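Everything on this sheet refers to the single structure shown next.
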There are 2 protein chains.
Amino acid sequence: MGYTSGSMDKLREPLAMTSQCGLPVALEAMGERWSFMILRAAFNGVRHFEDFLEALGIARNILSNRLSRLVEAGILKREHCEDDRRRIEYRLTERGYDLLPAMLALRQWGEKWELGVPSDPVLCDAHDGKPIGPIAILAHDGRVIDCHDLTWRTRADVDADAARQAARPSAVA
Amino acid sequence: MGYTSGSMDKLREPLAMTSQCGLPVALEAMGERWSFMILRAAFNGVRHFEDFLEALGIARNILSNRLSRLVEAGILKREHCEDDRRRIEYRLTERGYDLLPAMLALRQWGEKWELGVPSDPVLCDAHDGKPIGPIAILAHDGRVIDCHDLTWRTRADVDADAARQAARPSAVA
DNA sequence: GTTTTAAGTTGCAACTAGAAACTTAAATAG
DNA sequence: CTATTTAAGTTTCTAGTTGCAACTTAAAAC
């Protein structure tokens with residue numbers, strides 16, 4: 001059931017405005033100190049408690065707690081091995097797998113601004129074996145958008161536009 | 001000089017393998033509890049201490065500490081206003097601006113898996129005013145790659161391939 | 001020149017992280 | 001079939017972190 005010492009599972013203050021933004025809820029699941037490192041190990045094929053322990057150099061109780069939280073959040077699933085009933089496998093769920101862009105974006109930022117060199121191992125396109133390019137922001141039609149060609153709009157405004165366009169379909173396109 | 005009560009600025013254990021991966025170094029800068037929320041507020045135009053305070057509902061001392069850390073990390077810059085010498089403006093640097101893909105990827109994950117609805121405000125393409133699409137992983141040639149068509153390779157292998165292709169330029173594509 | 005505002009600091013109390021030793025249950029060795 | 005090892009946790013205890021509330025400092029407004 002996870003780590004219960006001290007009183008770690010207390011209510012925790014929501015990160016404010018949990019209502020209308022996806023960021024606080026994502027951070028609720030992934031915002032803790034080791035969560036992304038555990039995820040990275042999982043993406044690299046690490047599945048067992050002792051292997052995470054060794055790969056990360058994290059304390060046992062913290063790993064236990066983090067794994068439980070990630071399982072609760074539906075990011076990992078916990079399964080007993082059939083061949084060895086002691087062993088438990090932690091595997092990424094679809095939800096967990098879908099965190100890859102976020103993890104890569106962070107990692108690429110770190111490479112670019114802090115390390116100056118590409119990380120090892122390198123994530124590659126399975127088709128041609130070449131390293132992937134940068135994580136990008138795409139427009140609705142698939143164009144890559146530059147970071148500076150962006151603007152915030154309220155949902156109300158966006159929805160109003162969409163309604164206008166539905167009425168006059170040939171307006172922008 | 002920031003928050004010093006209790007003894008908060010102690011040495012902190014590096015997140016393991018800081019050497020060859022950009023993720024731990026990115027987390028060193030952005031891995032703390034409020035960092036991404038502060039960044040989000042900054043992207044939304046919040047610039048002053050008291051405004052962050054109100055927007056986030058964070059404690060004053062924690063905000064002070066987080067802002068100092070983000071400034072140290074080069075993600076925000078601290079500037080005195082000219083018209084009112086009391087006021088200090090915290091503004092995103094290029095480095096900070098470049099965290100947008102990571103923040104959006106997290107936010108989109110939260111929207112997709114936890115909220116089920118798009119956040120408000122919505123980030124839009126400045127050219128056509130339409131909401132941006134999902135953050136994507138791109139191949140070296142710009143194709144969007146599906147999460148399952150990826151594979152990890154060592155830098156050594158990738159570099160060896162690159163050398164081979166340099167020798168026989170017409171080999172793959 | 002007193003009050004207000006902006007941006008912090010300081011002093012606690014409550015919480016969280018981490019190292020190391022302990023537990024439990026399943027596998028393997030003798 | 002008992003004794004040992006291995007896998008995955010718990011517990012204990014210390015040290016470090018978070019957060020509230022009250023205090024400080026310096027510049028602006030009244």
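From a predicted model like this one, the values you see are computed outputs, not experimental measurements. Just so it is clear: chains get the letters A, B, ... in the order the sequence lines come, proteins before strands, and each one is counted from 1.
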Rounded to the nearest angstrom, tell me the gap between atom [atom1] in [X] and atom [atom2] in [N].
X     : N      : atom1 : atom2 : value
B/N65 : D/dG16 : CG    : P     : 15 Å
B/N61 : C/dA14 : CG    : P     : 16 Å
A/R69 : C/dA17 : CZ    : C1'   : 13 Å
A/R47 : D/dA8  : CZ    : P     : 13 Å
A/R66 : D/dG9  : CZ    : P     : 14 Å
B/E54 : C/dA7  : CD    : P     : 12 Å
A/R78 : D/dG9  : CZ    : C1'   : 9 Å
A/L67 : D/dT10 : CG    : C1'   : 14 Å

Base D/dA8 to side chain A/R60, donor-acceptor N/O within 3.5 Å cut-off: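 Yes.
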In terms of side-chain geometry, is the basic nitrogen of [X] or [Y] positioned less than 4.0 Å from the acidic oxygen of its partner?
X      : Y      : value
B/R143 : A/D128 : yes
B/R91  : B/E79  : no
B/E114 : A/R95  : yes
B/E94  : B/K77  : no

Phosphate OP1/OP2 of C/dA17: any A/W34 side-chain N/O under 4.0 Å: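 For A/W34, the contact criterion (side-chain N or O under 4.0 Å from OP1 or OP2 of C/dA17) is not met.
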Side-chain N,O (A/S64) to OP1/OP2 (D/dA8) below 4.0 Å: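 Checking D/dA8 against A/S64, no side-chain N or O comes under 4.0 Å of OP1 or OP2.
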Which nucleotide in the list [options] gets nearest to the side chain of [X]?
X     : options               : answer
B/R33 : C/dA19, D/dA7, D/dT18 : D/dT18
A/R85 : D/dG19, C/dA27, C/dA7 : C/dA27
A/H48 : C/dA26, D/dA8, C/dG11 : D/dA8
B/R87 : C/dA6, D/dT18, D/dA8  : C/dA6

ring-ring contact (aromatic ring centres under 6.0 Å, His included) pairs, two or more places apart, involving residues 136-157 of chain A: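 Counting only pairs at least two positions apart or across chains, the ring-ring contact (aromatic ring centres under 6.0 Å, His included) contacts touching residues 136-157 of chain A are A/H148-B/Y97.
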Earlier contact from the 5' end, DNA chain C, for A/R86 and A/A59: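 In this pair, the answer is A/A59.
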Touch class at under 4.0 angstrom, heavy-atom based, for B/Y90 against every strand present: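 Sugar-phosphate contact only - B/Y90 comes under 4.0 Å of backbone atoms but never of a base.
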